[in-house]
Amino acid sequence: MGLVGLVHTTRLVIGPVHEAVAGSIQDIDITHVLDEGILRKLSAQGRITPEIIDWLTRMVASAQSAGAELAVVSCSSLSPCVNGVRSRVTIPVLKVDEPMMEQAIQNADRIGLLMTNPTTEEPSRILYEEVSARLNKKPLLVPKLCPGAFSRLNSGDVAGHDAEVAQAIGELLQETDLVMLAQISIARVKRCLDKNVAARVLSSLDSIGAKITQTLGDS
């Protein structure tokens, strides 16, 4: 089908995103661009700045220079930057969470948003507002942050991270119709859930392949 550039801010998501894209699209070629410094800068500054938009633009441009026909920004925290990046490159640039949010907003009245990284909450809210306005439908959004799980993952305690995320999913589902996993780093927890529970949990990895196929087909 062509070459797709996957643009990352942490090495933790490279494997899951690659597997999701390669597993859902036949004859796709993939190139990865990784720079973990940009997320550190965002965490230190606490907000998106022109410097960060420029930084992400260079990362996407690198994928384009390698021959990518489309780029996917896998970092939820940087999704507000993508609108600015799109005007500076000539290939489509996708926000990894956007297809997931479209599905949730179209199919639920109360939506849980689970995250472990504090920098994810505000960008996810911004994207939710954008998608809701475009679809002319605004379900209630119920965010839940699990910062302890993020610390566990970064320290190598994967089992502890996954257990905390699974517990938080169960708690959110008691008050919502479904739960969106706001980061790719927590997407794999869905595989560990009971089948009936997992059916009410959405991950961006579930739908990004179809969005890539649609976008390349339309371009």
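It should be emphasised that the depicted structure is a prediction, and the values quoted were computed from it without experimental measurement. Computed from heavy atoms alone, side chains included, the values below leave out hydrogens, waters and symmetry copies.
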TODO: Mark yes or no for whether Thr9, through its side chain, and Glu36, through its backbone, hold a donor-acceptor pair below 3.5 Å.
DONE: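 Absent.
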Open item on the list: For a side chain to side chain contact (heavy atoms under 4.5 Å, CB included) check, start with the C-alpha distance between Ile52 and Cys81, then their side-chain angles and the critical distance, and finish with the verdict.
Closed with: CA-CA 8 Å; Ile52 290 174; Cys81 299; 4.0 Å; yes
TODO: Check whether more than 12 heavy atoms from other residues, nucleotides or ligands sit under 6.0 Å from atom CG of Asn136, and answer yes or no.
DONE: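 No, CG of Asn136 has 12 or fewer neighbouring heavy atoms, counting only those of other groups under 6.0 Å.
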- [ ] Take Ile186 and His161 through the side chain to side chain contact (heavy atoms under 4.5 Å, CB included) test and state the conclusion after the steps.
- [x] CA-CA 9 Å; Ile186 61 178; His161 164 273; 3.4 Å; yes
Open item on the list: Check for me, please, whether Trp55 and Leu42 land in the same ILVMFWY cluster - side-chain distances under 4.5 Å, paths through other members count.
Closed with: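 Yes; Leu42 is reachable from Trp55 via cluster members.
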Task: Cluster overlap Ile14 with Leu94, hydrophobic side-chain contacts below 4.5 Å - done: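 No, it is not one cluster - the side chains of Ile14 and Leu94 are not joined through contacts under 4.5 Å.
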Decide, yes or no, whether a salt bridge links [X] with [Y] under the criterion of side-chain N to carboxylate O below 4.0 Å.
{"X": "Asp54", "Y": "Arg88", "answer": "yes"}
{"X": "Glu19", "Y": "Arg188", "answer": "no"}
{"X": "Asp206", "Y": "Lys190", "answer": "yes"}
{"X": "Arg125", "Y": "Glu121", "answer": "yes"}
{"X": "Glu171", "Y": "Lys144", "answer": "yes"}
{"X": "Glu122", "Y": "Arg47", "answer": "no"}

- [ ] Kindly determine whether Ser77 and Thr120 satisfy side chain to side chain donor-acceptor pair (under 3.5 Å), including the steps that lead there.
- [x] CA-CA 4 Å; Ser77 298; Thr120 304; 3.3 Å; yes
- [ ] Only one of Thr116, Asn117, Asp97, Thr119 passes side chain to side chain donor-acceptor pair (under 3.5 Å) with Gln183; say which it is.
- [x]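 Of all the options given, the one that passes is Thr116.
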